[in-house]
Every structure is written in C-alpha cells, then in structure tokens.
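Chain letters run A, B, ... following the sequence lines, proteins first, then strands; residues in each count from 1.
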Amino acid sequence: MSYILGHSAAEPGWYVITVGGECDLNAAPSLSVAVEAAFQRGVDTMVVDLKETTFIDSTAIGVLLAARERLRGSGGRFEVVCGTPNVVRVLEIVGVETVAGVP
Amino acid sequence: MSYILGHSAAEPGWYVITVGGECDLNAAPSLSVAVEAAFQRGVDTMVVDLKETTFIDSTAIGVLLAARERLRGSGGRFEVVCGTPNVVRVLEIVGVETVAGVP
Amino acid sequence: MLACPERLELPADPSELVTARRFADCAAARFGLDEPERYQFTFAANEAVSNAIEHGEPSPEGTIRIHVAEEDGALVFEVEDHGTFAPSPAALDPLPERGRGLAFMAATVDEVDVRRSVSGTVVRLCKRRAAAA
Amino acid sequence: MLACPERLELPADPSELVTARRFADCAAARFGLDEPERYQFTFAANEAVSNAIEHGEPSPEGTIRIHVAEEDGALVFEVEDHGTFAPSPAALDPLPERGRGLAFMAATVDEVDVRRSVSGTVVRLCKRRAAAA
Ligand SMILES: Nc1ncnc2c1ncn2[C@@H]1O[C@H](COP(=O)(O)OP(=O)(O)O)[C@@H](O)[C@H]1O
Ligand SMILES: Nc1ncnc2c1ncn2[C@@H]1O[C@H](COP(=O)(O)OP(=O)(O)O)[C@@H](O)[C@H]1O
C-alpha cells in the first residue's frame, strides 16, 4: 500500500488522499496517519481516492468511517472515489458510498 | 430496570448511579441518560452500582465502557460495584472490572 | 424434568426480550448447565434476539422465531428473522460503543453461527456443559 | 482445474496476510465463484486470518493454520489459532472504529461460525455460488 496526501493551493481545506495497492492490517496505520495529517492541516473536504486500490480491509474501512463521522460532525465533506467494481461492491455492503470521479 | 443518580454534597464531582433490575435493550437509553446527566454536572468520580442488577446486556455494557473511556480521558475515576456472581463473571469476560463495595 | 417450550414465536418488540430470556434460562436449567454457564447462555441468547428485533425483519405476522434443541450433547439456541444481515453505520446509533454483541456472544458460548440466506438471518448458539467443554 | 493448496500453515504475522488472500482467492476461483463473490470470499477470509494473527495465539511453532474444502456444495474456509476468544476493550486500540470485522464477514459470506474450545478458536466461513444462494 502507498498513499499520497494531495492539496490544492486554490482550495484551502481540500485534501485528497490517494491510496494505491492492497490496504490491509499492515496498511491501516499509514492510512490513519494520512487522515490525521489532513485534519491537522484543517481539512474541510476530504477526498479518499481508491481508484488504484485493489483491496481494502475492515480496519482501513474503519479509518474511513471515523474520518467521515468527524467531517460530518464539523459540517465538512467526505468523499470516496472508487472505480474498481469489487472494491465498490464491498464498500457498498459495509455502508460506504463511493463516487466514480474526484469531485 | 430503574436507576437513581446519587450525589454527595461533601464530595463535589462524585456521582453514583444505582441500577436495579434487568438492564437490557429497553433500559440502555435510560442508563445513557443517567450517565449523561452525571457528565453534565461535572462528574469526576463515577460509581455505577450494579448490586441490585440481575441482568446486563451488551448495549448497557457499551454505555459503561464509553463512560469509562471518557472519565479516563479526563483523568477521572470510574468504578463498577457488583456482587452478583453471574453479572460479575459476564462483566469480567467482556472486560469490565468490578469492585465489591462502593469506594 | 422442567417443562419448558422448545419453540416460541415472539412479537418483534424489545419488550419481549424478557420472555426470550426466561425461555433460554429454562432450557439451560433443564439441559443442566451449571449456574454461571446458564447465565452466560441466557446472556448470549438475549444478544441474538435483541439483534433480530433491532436489526432484522419480522415475519409477515410481525414475529421472530426462537427454538432450542439438544444436539451432539450441546444445547443449541436458534433465532430466525426475515431480514438481510447488514452492518449498520455506527453514526446512526445514538448509543455509544455499540457493535460488540457478536463478539460478546462468541465469548460466552462455545459456538456462534450466523447464516444469511434469501429468506433471512439465522443465528445459532451452542453451549456444552462445563465438564465436557 | 487450478492447482491450489488445500491447507497452509502461516507464520502469525500480518505480512502473511497477502499469502492468505492469494490462497483464498485461488480456492474461490477453482470452486467457481464469480468475480464479485470471489472477492467477497477473499475479503471475509482476510478478516478471519487478521483476527487470528492479531487477537489469537499461534501454535508452539508460531503458526496459524488455514484450510479450504468443499462441503455440501459450498466453499468452506477455516482458520485456526491456539488462543482464547475474548472481546478486547476498544480503548486499547489506537485505530478508530474497530470491531466491525465479524459483522463484515457475516455480510460478505453466507455463513460465519466462531468456535471456542480449550485448544483455541476456529473461524469457519461458507460461501455458495451465486446461482445456488
Ligand atoms: N439479525 C440481524 N439482521 C441484520 N443485521 C444484523 C443482525 N444481527 C446483527 N446485525 C448487524 O451486525 C451489526 C453488529 O451486531 P452486534 O455485534 O450484535 O452489535 P450491535 O447490535 O450492538 O450493533 C449490527 O449493528 C447490525 O448491523
Ligand atoms: N481469533 C480470535 N481470538 C481471540 N479474540 C478474537 C479473535 N477474533 C476476534 N476476536 C475478538 O473479537 C473482537 C471483534 O472482532 P472483529 O469484529 O473482527 O473486530 P476487530 O478485529 O476490528 O477488533 C476482537 O476485537 C477480539 O477481541
């Protein structure tokens, strides 16, 4: 698993976390670090880009769910971008909606 | 299930929640209300007295676990008093330590 | 020999949990679980029935079905509802620290089995007598 | 016919999860699960093996055992560790929103069975082909 925390100077508060590869128990802590970094910089719109993610487990999904709650609680936005049908389907089963392209 | 929220004028911050009867899905919301009331009044030592509690389910245990975390997070104290062997044993299995008398 | 029913249809309402617990407790006593095991069996049964009532769907008649049996020397408790097993988003729940019921069941009986099918969800709990465990 | 092993002993280390997933995925392909079912089976298997590694105890040799089989037309995945099943206090976990693995498994396969015994924990997952489900 690898990730990039991206930011646009034009839109303060907008952060994209791009996750690649297989996101399992080994990867969840780094995903959590990336999420934490975005919060520390004052994220108000968090986009998690899973287009290149081939696997995601319950611990990583838990990190996403917690980030979503935190953002919703503070009136922010949270989006998961995903196009891999298998990953989209599992996320749907466990209650994480996804969109097809970076909003 | 019934509960009493007790307080001692001599010890500000000390609250005891005395729970009687069977604490199941029907009772968990009132337990949660009692806990919330104690927090709103500035509890720093919370005692949950289960001596007269004959049954406790996972939702009520969840309320206790959340209260424990919240108090520990703020440097407070949390104690569960219980003498009913069956309830003590189940609480032990699920990770809630109990003491035999009100501290 | 205690006379306890082997099947029960309960209205899918939390007020019926007390009946489900009496049912489980009676079966556990008749089966001969000792005091703490009996209580743990009833605890797990209460969790399974709570889930069927809270997260499952009742039958067209508004009921869920519970049933006990002895199988291979173990006491079996089954609860059946007509819904679709699905994880629920934590945020929708006003109570903190939810979502431990399944783990608590697995910790208090010898076996927990969750079966999803097109017709609903069946949760099956098994407990053996302490000596044979 | 794909050649996949039916049993595997893995060092109880998270770095072995990728091997467990390949093992589950190969079994699912050979059994003939279609694409989304196959992925869901591997997802559930990964959860079960993660739990054995993270919460269970390895064998004296430091391993956990996994095994697949076909039973009554369903694909079965079993993982066995030598620990005692026990709920863990949420607070000890540095990651938020944990404790959903069991519910996620139950939502992605047809049957999840958790068995505790003196010798350890066995988690068993069953999945049928979409047509037969
Ligand atoms: N009978 C059921 N029907 C549908 N979903 C269920 C059922 N039982 C459990 N679930 C799902 O599994 C989740 C976890 O259950 P559990 O561990 O008992 O925790 P809780 O009931 O406190 O949420 C539930 O939140 C629910 O989404
Ligand atoms: N193989 C196992 N051995 C011991 N305890 C286990 C095992 N599997 C699960 N558990 C317990 O059940 C709890 C719930 O498991 P799960 O729903 O998968 O969530 P998570 O692994 O994210 O905590 C775990 O936290 C752990 O306490």
Side-chain angles (χ1 to χ4, degrees), chain B residues 1-3 17 19-40 43 46 48 50 53-74 78 80 82-96 98, chain C residues 10-25 28-29 33-56 64 79 88 90 93-110 112 123 125 127 130 133:
Chain B
M1 179 267 204
S2 66
Y3 76 86
I17 300 170
V19 181
E22 300 190 279
C23 209
D24 65 7
L25 201 52
N26 302 287
S30 350
L31 180 60
S32 186
V33 165
V35 164
E36 213 41 60
F39 277 109
Q40 242 137 52
V43 61
M46 184 183 291
V48 180
L50 302 180
T53 304
T54 50
F55 184 81
I56 184 159
D57 84 337
S58 75
T59 39
I61 294 171
V63 173
L64 301 183
L65 289 170
R68 183 175 77 179
E69 285 334 300
R70 225 164 129 184
L71 277 154
R72 287 188 180 165
S74 63
F78 178 81
V80 175
C82 186
T84 320
N86 286 335
V87 177
V88 169
R89 180 73 190 111
V90 161
L91 289 174
E92 190 184 311
I93 292 173
V94 304
V96 178
T98 59
Chain C
L10 294 172
D13 191 278
S15 64
E16 300 291 331
L17 284 168
V18 59
T19 308
R21 290 197 294 275
R22 298 297 166 265
F23 173 86
D25 204 51
L33 290 185
D34 68 18
E35 187 56 27
E37 265 79 29
R38 180 175 153 185
Y39 184 79
Q40 285 160 40
F41 179 77
T42 301
F43 174 85
N46 178 76
E47 292 299 322
V49 179
S50 296
N51 279 353
I53 292 175
E54 210 187 8
H55 307 298
I64 58 153
V79 47
S88 43
D93 203 301
L95 288 170
E97 292 280 339
R98 292 297 303 274
R100 298 165 168 276
L102 289 168
F104 286 5
M105 286 181 236
T108 46
V109 293
D110 296 309
V112 177
V123 175
L125 311 172
K127 197 160 176 88

Start with the C-alpha distance between B:E22 and C:L17, add both sets of side-chain angles, then the distance that settles side-chain contact (heavy atoms from CB on, under 4.5 Å), and finish with yes or no. CA-CA 10 Å; B:E22 300 190 279; C:L17 284 168; over 6 Å; no

List the steps and the verdict of side-chain contact (heavy atoms from CB on, under 4.5 Å) for C:Q40 and B:I93. CA-CA 10 Å; C:Q40 285 160 40; B:I93 292 173; 3.6 Å; yes

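B:F55 carries C:R21 over the face of its six-membered ring, with the cationic atom under 6.0 Å from the centre and within 45° of the normal.
Rounded to the nearest 0.5 angstrom, C:N46 CG and B:I56 CD1 are separated by 11.5 Å. Rounding to the nearest 0.5 Å places CG of B:L91 at 8.0 Å from CZ of C:F43.
Among all heavy-atom pairs drawn from C:F104 and B:S58, the shortest one is CD2-CB, 3.5 Å.
B:T84 does not touch chain C: none of its heavy atoms, backbone or side chain, sits under 4.5 Å away. Of the atoms belonging to C:E47, it is side-chain heavy atoms, and not backbone ones, that fall under 4.5 Å from chain B.
With contacts defined as side-chain heavy-atom distances shorter than 4.5 Å, the pair B:L25/C:E54 qualifies.
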